[in-house]
Amino acid sequence: MNCLIHTRMSIIVFSLAVISTTLCCPEMSTAAEAPRPLAPPTALSLREARVIIDGAVAYAREKKLRMTVVILDEEGQLISADRMEGASFHLERFAKGKAFTSLMLRDRSETAAELSKTRPDRYFGIMNMYPGEVYLVGGGVPLAIDNRLVGAVGVAGLPEGVDEKAALAGIDAWNKYRESMKK
């Protein structure tokens, strides 16, 4: 019994010592309390994403159309998105699904849409593996720098085939921007 009381007292004294040391000497706090390191930067900057978006939006405005455009990084995380005034709220999800599809397949999302006819087993496999994340219709295009995948653009809300043209207009603006930065 005495041993049990002595052990409990030792634990209490030790706990109080640790607490007082932490409060009095914050520089000795544990590594878990240290600031978290920043996530590594993506190869595609926010500025570049906005250039792509602006190019795609300019294309849609020229055609007097409304759409949503989404830019994902190489890991499928959102960098930036833009919904034109008057475009439906659900289009962001469609655009993101198209971008994710093109990123995952490293090809245009239109190619994935063709799988339903040519390889239904692969089409339904993709749909089952990534439920709610992929949208297997045209409008998603991967982004590459020096043949290295750095992200994807997805456009939704335009007529069939026009989504991809808007995405390509954005990519064209991005390529011009990158060329101007080299000079």
Side-chain angles (χ1 to χ4, degrees), residues 32 36-60 63 65-175 177-178:
R36 295 182 193 169
L38 296 173
T42 63
L44 189 63
S45 71
L46 176 60
R47 176 70 191 124
E48 290 175 290
R50 294 305 308 173
V51 167
I52 297 167
I53 288 171
D54 291 346
V57 167
Y59 178 87
K63 304 286 184 196
L65 299 169
R66 297 182 194 115
M67 59 144 197
T68 296
V69 59
V70 168
I71 308 296
L72 302 180
D73 69 12
E74 67 273 12
E75 296 175 349
Q77 300 302 311
L78 180 70
I79 296 176
S80 191
D82 201 271
R83 178 169 57 105
M84 294 177 69
E85 191 171 324
S88 181
F89 71 93
H90 68 275
L91 293 176
E92 183 176 334
R93 185 171 176 121
F94 292 163
K96 188 174 182 184
K98 293 175 180 188
F100 184 82
T101 299
S102 69
L103 183 66
M104 181 188 65
L105 296 176
R106 293 179 164 85
D107 202 349
R108 300 173 309 116
S109 60
E110 179 67 29
T111 302
E114 294 167 7
L115 289 175
S116 67
K117 298 173 193 138
T118 60
R119 291 285 312 273
D121 58 324
R122 188 147 188 242
Y123 176 86
F124 288 110
I126 292 167
M127 293 296 286
N128 287 322
M129 289 296 296
Y130 300 97
E133 292 184 70
V134 295
Y135 192 40
L136 303 178
V137 297
V141 181
L143 300 168
I145 297 174
D146 298 327
N147 207 28
R148 180 177 162 255
L149 187 66
V150 296
V153 57
V155 173
L158 301 177
E160 185 177 343
V162 181
D163 284 340
E164 187 169 313
K165 289 178 182 176
L168 293 173
I171 293 170
D172 188 46
W174 176 53
N175 287 331
Y177 171 80
R178 289 181 48 76

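What you see is a predicted model, and the numbers here were worked out from it, not measured in a lab.
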Just by distance, do the side chain of [X] and the backbone of [Y] share a donor-acceptor pair under 3.5 Å?
| X | Y | result |
| --- | --- | --- |
| Asp73 | Glu75 | yes |
| Ser88 | Leu91 | no |
| Ser80 | Leu46 | no |
| Ser109 | Val137 | yes |
| Thr101 | Tyr135 | yes |

Just wondering, do [Y] and [X] contact through their side chains at under 4.5 Å, heavy atoms?
| X | Y | answer |
| --- | --- | --- |
| Leu115 | Leu136 | no |
| Leu72 | Lys96 | yes |
| Met67 | Val162 | no |
| Leu105 | Thr111 | no |
| Ile145 | Trp174 | yes |
| Ile52 | Leu143 | yes |

Write down the atom of [X], the atom of [Y], and the distance for their closest heavy-atom approach.
| X | Y | answer |
| --- | --- | --- |
| Ala169 | Tyr59 | CB-CB, 3.7 Å |
| Arg66 | Glu85 | CD-O, 3.1 Å |
| Ala43 | Arg148 | CB-NH1, 3.4 Å |
| Val70 | Ala81 | CG2-CB, 3.9 Å |
| Val153 | Ser102 | O-OG, 4.3 Å |
| Arg93 | Gly132 | NH2-O, 3.5 Å |

Is atom CD of Glu110 surrounded by more than 12 heavy atoms (other residues, nucleotides or ligands) closer than 6.0 Å?
yes

So is Arg50 actually on top of Tyr177's ring, under 6.0 Å and inside 45° of the axis?
no

For residues 152-170, the salt bridge (charged side-chain N to carboxylate O under 4.0 Å, His left out) pairs (sequence neighbours left out) are Lys98-Asp163, Arg108-Glu164

Residues pairing under salt bridge (charged side-chain N to carboxylate O under 4.0 Å, His left out) where one sits in residues 113-132, two or more places apart or in two chains, turn out to be Arg119-Asp121

Here the gap from Gln77 atom CD to Ile71 atom CD1, rounded to the nearest 0.5 Å, amounts to 14.5 Å

Subject >> Steps toward side chain to side chain contact (heavy atoms under 4.5 Å, CB included) verdict (Ile126, Met104) >> reply: CA-CA 10 Å; Ile126 292 167; Met104 181 188 65; 3.6 Å; yes

